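One structure is given below, encoded as structure tokens.
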Amino acid sequence: MRYSFLLLSVLSSACFAQEKKVSHNLEMALLNPAEITDLNLSGAQLEKLSPDIAKLTNLKVLKLYGCGLKELCPEISQLKNLEVADIGDNYLKTLPAEFGNLVNLKELDLKRNELTLLPEEIGGLKNLINLDLSNNKLTSLPFTFYTLENLINLNLEFNNISSISPLISSFENLQTLNLSRNKLEKVPQSIWSLSNLSSLNLYKCGAVIELPQNICKIPWVNSTIKRYALLDMWGAPPSTSIHKCPYGYGWYISINN
């Protein structure tokens with residue numbers, strides 16, 4: 001009986017310690033800043049993130065979804081252990097240059113903001129795997145954006161982007177790319193040759209699509225599944241240019257109204 005009581009006490013203490021690592025209140029988190037690894041302030045009306053966030057030195061997950069944020073403080077860059085940041089559904093028009101110092105960031109969600117540009121320093125996010133910039137007001141991407149070579153999933157849907165650089169060929173690990181509903185003048189041919197890309201959304205991207213002549217011979221790493229590209233009627237090339245590739249080769253082109 002005594003052993004069971006002691007065991008229960010140890011387990012209760014462990015659970016309590018585990019709970020202390022997660023906080024839904026910044027003021028409470030700052031009471032034991034070194035113990036907090038997950039901070040979820042989603043839904044809180046902040047307008048501006050407090051510089052005190054920098055005191056949470058072991059923070060790995062930061063959720064600020066729908067907080068009414070209009071700007072991020074430069075001190076956010078001191079969260080060197082941050083791996084996941086959800087800052088979607090806010091009013092951000094830009095990011096502080098210091099944001100690029102979050103070198104351990106793997107997942108970044110900035111959808112549904114008012115971003116008109118990205119700082120050159122975004123190229124510092126070398127470990128970024130998932131990036132969602134959909135539903136913003138971006139018109140272009142900085143040169144350094146194309147150095148994010150570890151990206152696997154990239155969503156740029158619903159922006160005003162006019163051009164994508166051929167340097168996108170450096171995204172060798174990219175598996176899904178969404179460029180739909182933009183104002184592209186042209187889609188670089190290098191996109192089709194990305195060896196890991198299996199899902200490409202060009203629906204209403206703004207450009208008339210030109211398919212590579214060798215689209216059925218483009219090699220890729222996983223021939224066991226089809227590669228899908230979604231286009232719209234207006235942007236699709238003439239039907240004579242769309243080759244029906246054998247299973248496991250090239251791209252399967254889907255055209256929607």
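Nothing fancy with the numbering, it's 1 onward along the sequence. Since the model is a prediction, treat every value here as computed from it, not as a measurement.
- Listed by chain and number, the residues in a ring-ring contact (aromatic ring centres under 6.0 Å, His included) with Tyr91 amount to none (sequence neighbours excluded).
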Distance-only donor-acceptor hits, side chain of residues 200-211, under 3.5 Å, sequence neighbours excluded:
from: Asn201; atom 1: OD1; to: Tyr203; atom 2: N; distance (Å): 3.0
from: Tyr203; atom 1: OH; to: Asn257; atom 2: O; distance (Å): 2.5

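- The nearest pair of heavy atoms linking Ala54 to Thr57 is O-CG2, 3.9 Å.
- Proximity of Val187 to Ile164: side-chain heavy atoms (C-beta onward) are nowhere separated by under 4.5 Å.
- Formation of a donor-acceptor pair under 3.5 Å by the Asp89 side chain with backbone atoms of Tyr65 is not found in this model.
- Interatomic distance, Ile215 CD1 to Ser193 OG, rounded to the nearest 0.5 Å: 9.5 Å.
- Between the side chain of Asn127 and the backbone N or O of Val103, at least one donor-acceptor pair lies under 3.5 Å.
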For this session: Apply side chain to side chain donor-acceptor pair (under 3.5 Å) to the pair Asn196 and Asn173, showing each step before the final yes or no.
Result: CA-CA 6 Å; Asn196 281 285; Asn173 295 302; 4.6 Å; no
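- Side chain to side chain, Lys183 and Thr139 fail the donor-acceptor criterion of an N or O pair below 3.5 Å.
- Leu56 places a side-chain heavy atom less than 4.5 Å from the side chain of Leu26.
- When every heavy atom of Pro119 is checked against every heavy atom of Pro142, the shortest pair comes out as O-CG, 4.0 Å.
- Side chain of Asn182 to backbone of Ser180: a donor-acceptor contact under 3.5 angstrom is found.
- The distance from atom CG of Asn90 to atom NZ of Lys111, rounded to the nearest 0.5 Å, is 11.0 Å.
- Between the Asn160 side chain and the Leu138 main chain, no donor and acceptor come within less than 3.5 Å of each other.
- For CD of Glu114, the number of neighbouring non-hydrogen atoms (other residues, nucleotides, ligands) closer than 6.0 Å is greater than 12.
- Note on residues 177-199: pairs passing ring pair (Phe, Tyr, Trp, His ring centres under 6.0 Å), not counting sequence neighbours, are Trp192-Trp251.
- Defined by atom type and a distance below 3.5 Å, a donor-acceptor pair is missing between the side-chain atoms of Asn136 and Asn113.
- Side-chain atoms of Glu149 and Ser170 include no donor-acceptor pair closer than 3.5 Å.
- Between Leu174 and Ile152, the closest heavy-atom pair is CD1-O, 3.5 Å.
- One distance of note links CG of Leu39 with CD1 of Ile53; it measures 5.0 Å at 0.5 Å rounding.
- With hydrogens and angles disregarded, a donor-acceptor distance shorter than 3.5 Å links the side chain of Asn25 to the backbone of Met28.
- Within a 6.0 Å radius of NZ in Lys93, no more than 12 heavy atoms belonging to other residues, nucleotides or ligands are found.
- In the displayed structure, Lys48 atom NZ is contacted under 6.0 Å by at most 12 heavy atoms of other residues, nucleotides or ligands.
- Separation of atoms NZ (Lys55) and CD (Gln78) is listed at 11.0 Å; rounding is to 0.5 Å.
- The minimum heavy-atom distance linking Pro188 with Ser165 is given by the pair CG-O, 4.0 Å.
- Atoms CD and CD1, on Glu98 and Ile76 in that order, are 10.5 Å from each other to the nearest 0.5 Å.
- Atoms OG1 and NZ, from Thr147 and Lys126 in turn, are 3.0 Å apart once rounded to the nearest 0.5 Å.
- Ring geometry, Phe145 versus Phe171: the interplanar angle exceeds 60°, so the pair is classed perpendicular (tilted spans 30 to 60°).
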